[in-house]
Amino acid sequence: MPAAHAADPANPVASGGDTDTPALVTGLHEAVSATDSPADAARGHLKAEKGRYHIADTSAKELTSLGTATGKGGKETVRLQQKYRGVEVLGGQYVVRMEKKSGKRTVIGTSGKYFTELKLTTVTPKVTEKVAVQRAVGAVSTQLGGGLMTAPAKGDKTGAHKLTGKATGVTILPQGAGVLTRHITVTGVSPADGSPVKQEVYVDGRSGFPLLQYSGIKTFGATAAATGATDEAPTDGDAATTAADQLVVKGTGTRYNGEKTEVNLYKDAKGVYQMIDYSKRAADSPYEGPMLSTYDARGREVASASGAWPVGIKTFQSATPELGADYTDSGAIDAHWAAGKVYDFYKNHFGRAGLDGKDGYINSLVGVVQNGQPYNNAFWDGAKMVYGQGGGDFRTFSADTDVVGHEMTHGVVEHTANLVYAGQSGAMNEAIADYFGNAIDLEANHVSMDDPDAGLLGEDLCTTLSPRECALRDLNDGKTTAKDFIGTTYRGDNGGVHLNSTIFSGALWDIRQDLGAELADQITYRALAAYMTPLDGFTEGRAAVVAAAQELGVTKAQLKTVKTSFDAHGIVPGWEKALGVDTDTILNKVNIYNTGVGAGGGKYAVSNSNEDGSEPYSVWLGNTSGKGTPQLMSANNGDYNVYADTDGKTVVWADYSSNGVKIMARPVTGGLPKMVDGIGSDVSGLAVDGDYVVYTAFNPQFGVTNVRYVNMKTGKVGLVDDGGPYNVSGLASVKDGKIAYAKVAPDANGNHTLGVEVLDAATGARTQMPMADSTKTAGIGQTAITDDGVFWIEDNDATDSGRAAVRRAGLDGSNPLTLTPESGTGSLYAYSLTASNDAVSVTVLPPATSWANETLPKLYQVAPDGKGAAQRVSCNRGDQVYAAADEGQRVLWLDGTTGYTNLVKRDRPAGSC
């Protein structure tokens, strides 16, 4: 997507990159209508200055007002949403800043992203909502399956992923001439760990291929999965009173830290004191009923609290206004008290009326659990705050004021710049939530910026650990782009939204330390509310803060401090280019999403698009040596051609169209592509060898995945496992007509058996591979099959923090061998693998216990006979994903170190790093 460039200090107009509309204009003083509404005045300015902005249609239909924020000195900030022929453009927001004084109104600046290259022939998707939902659910199901196939809970016969999709509209992705998509929200429960799911998926409107997928929930920590929908809370019957009936009662309680405090309560008609605060809302508010409410959600599953409102929950209630120990221990006192402090902070410092700027409902749910166990996290889901019940060393997550401030600030961000929660824009979303969350914490608890622990977040959550040991992040950690930027794709932490956040928030915190709290807060809030737009990255964020500081009249010395703070954290134009690699780059900026790489016989196959990603993906074939020019293998027909693989003789891929998914094949030496199989649902994991193609298909009827195989010579199509509709299979590989795969099968007692099987597709014979301990097998990972062996990942200890063994056996199950153990010396956090006759390359995914590049997927290589220690394939610090073995020790993968996705290779391991 086009990226704006930073403004030249000598030029008030900053280029918008791949758009004719400038990203930032400052220093204006241009008169506009004082009698029109702010939105109409803003649109009038853009129309009158068409030569500057190049916006062809400034009508209210194509530039929809998202609201006007008013501030001190008559300032007005109008946000306009770009639409194209009435369809919303993702991230297309333009901001017009004005001042209205003495009956006159002037424009003082503009900024944002307006995409001028859009030229779509239709804004009506060919793909139906039903197909788009099915494809989106299938894509999320496949993604959440991860590297290990695990057994569902006992009694869950189906093992279904319990995911549902809901079409939420049609959206244009601003890539090239524009890509029309159906926006699908997928919610439910993760099959991997039972955590709640909320994924925003954008499905191509022509072919039905899921193009973009990211979490719709903003968590405090990076460990929680995505969560559910954004339904508003139901109105409590007793609380639905008119302004005349409202009654604010002062209650008392004790916070976790032992401090006695007052909290505002509501005494209902039955004399019950409820945790409802009516005191904040203005008498002329358009809303009715309670504004700030704290609900007792103890024992409720987090999945139920992140979609539909949990059935039957009520506000915390007491017979007296003196709230005892139960209200302290549950986290209710801290949640209710801190929510009021957050509201007061935004009201008193910026004149903001609540999270949405309109004094809308502020609801907190306190005490949720996950699978009946503590849920050590908190999140904002677009409508409310949800705080997990603590466990172990953690208190309930409302125990720290900066957690409450952080989550509620996500609501403020959502109703201002609405920074997309992925990649750099997501990291800025987290950074601003951290910045203001901490600022609110310090003010509410009377802590000085000089306190050595002032920059810590989550430091008060623990029962025994010191603040520094307990804290989840530190705004004074000194992180820079050069040393600490985590090169992760959307696969991890939504593209590093937590991992990279303190690079940006650290710069903001330095500004606060040097310029003082009040000025720094005003600058940051103004940048958020009046300059930033949804797709901004670090460089645009810096430009927004600098421009806001200039608008607020800082001195030259103060402006230099702002710029120096960003410089010190490496946030300067072009910073992404300063990161090095030790690999050979085969293709630079491979513009694909989640579609993998295939290799074999000295050839590679990979999907790619044009540089801005606006064209459908097509399949390209090249030499793994990097020599020569890649060849286009798929038809460039508007379909999405993905999940390519090759054995050096044939290239196969999945062709997504509005009519279904076709499995295609084409000889490397030439000839026309031909369809070898067709299916209606989402597919993944294609592999080819000789006459056989295997792939994993999502079965929407039973909510499971199954491995299918095709004999391209005879046309025979079949399932590898015909044991029943609820059997699950996946993670397949193929060699010489033998197919290896992982499977999960339920029995009559509600238990599940896991294992690895090999199917001889010619004879139908199945051979069970020997498990190290079949009574404890907790997970099976990716398989690989070579001339004389089968390789797989096996997890037999659910308590070992993700470590798993790499195992092998003969094709007939003989001579089992452990290549890397599950625990102890030489063990790996094995996640996936790929193998040639000479080497097994293992993708390792350590648990994210620390925010460092070392926790991203890395490649290790081990000999097929298990001799010698596993060695690092590459010392690149970023993501190393979708590895594909070629011949010898050569392996290819998609690498995210530079901030782009590059296809790279190494011919031998780097050794140790």
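In this chain, numbering begins with 1 at the start of the sequence shown. Everything numeric in this text was worked out from a predicted model, so none of it was measured.
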* From Ile432 atom CD1 to Met532 atom CE, the distance as rounded to the nearest 0.5 Å -> 4.0 Å
* To do: Mind checking the CG-OG1 spacing from Leu211 to Thr181? Nearest 0.5 Å is all I need.
  => 7.0 Å
* Asked: Residues two or more places apart in sequence or in another chain: which of them pass salt bridge (charged side-chain N to carboxylate O under 4.0 Å, His left out) with Glu414?
  -> Lys218
* Asked: Using 4.0 Å as the upper bound for N to carboxylate O, is an ion pair formed by Arg708 and Asp677?
  -> yes
* Distance (rounded to the nearest 0.5 Å) between Lys662 NZ and Ile679 CD1 -> 14.5 Å
* To do: Mind checking the CG-CG spacing from Asn727 to Asp721? Nearest 0.5 Å is all I need.
  => 4.5 Å
* Asked: Between Tyr640 and Phe209, is a ring pair (Phe, Tyr, Trp, His ring centres under 6.0 Å) present by the stated rule, with each step listed?
  -> CA-CA 6 Å; Tyr640 277 77; Phe209 183 71; 5.5 Å; yes
* To the nearest 0.5 Å, how far apart are CZ in Phe397 and CD in Glu407? -> 9.5 Å
* Asked: Residues in side chain to side chain donor-acceptor pair (under 3.5 Å) with Thr128, at least two apart?
  -> none
* Flag, side chain of Ser304 to backbone of Glu301, donor-acceptor distance under 3.5 Å -> yes
* Mind checking what makes ring pair (Phe, Tyr, Trp, His ring centres under 6.0 Å) contact with Phe436, not counting sequence neighbours? -> Tyr346, Phe350
* For Tyr695, check ring pair (Phe, Tyr, Trp, His ring centres under 6.0 Å) against everything at least two apart and list the hits. => none
* Beyond-backbone contact of Gln213 with Val186, side-chain heavy atoms, under 4.5 angstrom -> no
* Residues forming a salt bridge (charged side-chain N to carboxylate O under 4.0 Å, His left out) with Arg352, sequence neighbours excluded -> none
* **Geometric class of the His183/Tyr202 ring pair [parallel <30°, tilted 30-60°, perpendicular >60°]** => parallel
* **Minimum side-chain heavy-atom gap Val140-Val197 below 4.5 Å** => yes
* Within the side chain of Arg206, is there an N or O that forms a donor-acceptor pair under 3.5 Å with the backbone of Gly638? -> no
* Taking the side chain as every heavy atom from C-beta outward, state whether Gln175 and Phe115 have any atom pair closer than 4.5 Å. => no
* Asked: Should Phe379 and Met385 count as side-chain neighbours, where that means a heavy-atom distance under 4.5 Å?
  -> no
* Asked: Below 4.5 Å, heavy atoms only, C-beta onward: do Thr533 and Arg79 meet side chain to side chain?
  -> yes
* Do Tyr361 and Leu355 have side chains that get closer than 4.5 Å, going by heavy atoms? -> no
* What distance separates Asn429 CG from Asp536 CG, expressed to the nearest 0.5 Å? -> 11.5 Å
* Partner residues of His415 under the ring pair (Phe, Tyr, Trp, His ring centres under 6.0 Å) criterion, sequence neighbours left out -> none
* Any Lys/Arg nitrogen of Asp356 or Lys358 sitting under 4.0 Å from an Asp/Glu carboxylate oxygen of the other? -> no
